[in-house]
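Only one structure is covered here, and it is reproduced in the block below.
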Amino acid sequence: MRQTLQDIAAYKPGKRPAAGQVATRLASNETPFAPLPSVVRAIAEASGDVHRYPDPAATALTDALADFYAVTPEQVSLGCGSVALVEQLLNATVDAGDEVVYGWRSFEAYPVLTRLAAGVGVPVPLRQGHLDLDAMRDAITPRTRLVLLCTPNNPTGPALARTDVVRFLQEVPEDVLVVCDEAYYEFVTDPAAVDGVPLLPDHPNLAVTRTFSKAYGLAGLRVGYCLASPTITAAVRKVTLPFSVNSVAQAAAIASLAARSELAERVATVVAERATVREALLRMGFVIPETQGNFVWLELGESTVEVAEAFEADNVLVRAFAGEGIRVTVTEPGETARLLESAQRVARLLPA
Ligand SMILES: *Cc1c(COP(=O)(O)O)cnc(C)c1O
């Protein structure tokens, strides 16, 4: 085995219910809503063709995304979930020993994928749950090839402000690729928050990744995409495993784009719940940064494991990071009620 593997902790996915167990599943930032009927129909139709390889260029989906975002198809690349796009962007830019700057704590896949690409991760501590762009800029060296900006930041919740990202892009050397990982973009409601897409024309070293897994509810089918300059896009496509977005996933993603107004209603439900959940938990004494994703972050320090076990005893599955805190997915009113009922009991464990 490669020596590197000894230094890499395996990716730890969110908890799933045991076989036969019914649980409130708030550990993986999934949508609670079943796929829309039009999407299920597209999946059923596509299933009749699975004896054929998919369109390797995913032409119809690429064109639909280019249309949707008013970019050219040469600016759209696809992957098996947007986590694969992060991997592809790393593989396209990082040689052995090159540095990759990211905030920490942020998406758990960043350090793992950086090491697998033979890069050196440079984690920059958050400031009160926010990415610290000044410190991230100062962390850039001549060896830095890529900077990962997770906005909204998973697991803490805050989104970066557009003005701060624009300034950051002006300060970063042009040969450093800046990636805005916008997996939760559809849940963002703060008008000051960054949307990377309109910044693309002025910044050829910017890439924006998004996904069908979260707001669009296709986590099980694995489709993500990257919007960037034609040069970056060509490089990302070069390192993509052939046929990595399967034909059923391509069809479901196209149908989901067409159903976006129905999906927007579901997003609005989650956004309304987000305010309800955060306010209720703050009243119970939890400490929570502002959030623009479909999740809240409970800062719990040394109480984290005890609190997570108490939620689990109530069959509420959450994502715990020992010594730091717990990420709880926000979903719909029924699950909010179960979460808050459990939280009421759990809050007794909070340090006074
Ligand atoms: C969930 C998530 C992703 C990607 O999810 P995919 O299912 O691979 O599309 C990417 N980045 C962040 C920060 C996420 O939380």
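In each ligand, atom 1 is the first atom listed, and ligand 1 is the first ligand listed. Because the structure is a prediction, the values reported are computed rather than measured. Any value given below was found using the heavy atoms of this structure, including those in side chains, with hydrogens, waters and symmetry copies removed. Along the sequence shown, residues carry numbers from 1.
- At a 3.5 angstrom cut-off on N or O pairs, Ser82 counts as close to ligand 1.
- When hydrogens are left out, the protein atom nearest atom 8 (O) of ligand 1 is Arg222 NH2, 2.8 Å; that is the closest non-hydrogen contact.
- Of all atoms in ligand 1, listed by their number and element, those nearer than 4.0 Å to a heavy atom of Asn154 are 13 (C), 14 (C), 15 (O).
- Within the 4.0 Å heavy-atom cutoff, Tyr184 counts among the residues contacting ligand 1.
- Between the side chains of Gln88 and Thr240, at least one donor-acceptor pair of N or O atoms lies under 3.5 Å.
- A heavy-atom distance below 4.5 Å is not found between the side chains of Asn153 and Arg105.
- Counting atoms of ligand 1 from 1 in the listed order, those under 4.0 Å from a heavy atom of Cys150 are 13 (C).
- Ligand-side atoms of ligand 1 in range of Asp181: 10 (C), 11 (N), 12 (C), 13 (C), range being under 4.0 angstrom from any heavy atom.
- Look at Gly224 and you'll find every heavy atom at least 4.0 Å from all atoms of ligand 1.
- With ligand atoms numbered from 1 in the order given, ligand 1 contributes 2 (C), 3 (C), 10 (C), 11 (N), 12 (C), 14 (C) to contacts under 4.0 Å with heavy atoms of Ala183.
- Inclusion of Val83 in the set of residues having an N or O under 3.5 Å from an N or O of ligand 1 is warranted.
- A donor and an acceptor atom, one from each side chain of Tyr185 and Asp195, are located under 3.5 Å apart.
- Of the protein's non-hydrogen atoms, the one nearest atom 1 (C) of ligand 1 is Lys214 NZ, 1.3 Å.
- If you check the side chains of Thr141 and Glu99, you find a donor sitting under 3.5 Å from an acceptor.
- Across all their heavy atoms, Pro17 and Leu317 have their closest contact at N-CD1, 3.6 Å.
- Using a 4.5 Å heavy-atom cutoff, the side chains of Val270 and Phe33 are in contact.
- The residues Asp181 and Arg210 are annotated as not salt-bridged, no charged nitrogen and carboxylate oxygen being separated by less than 4.0 angstrom.
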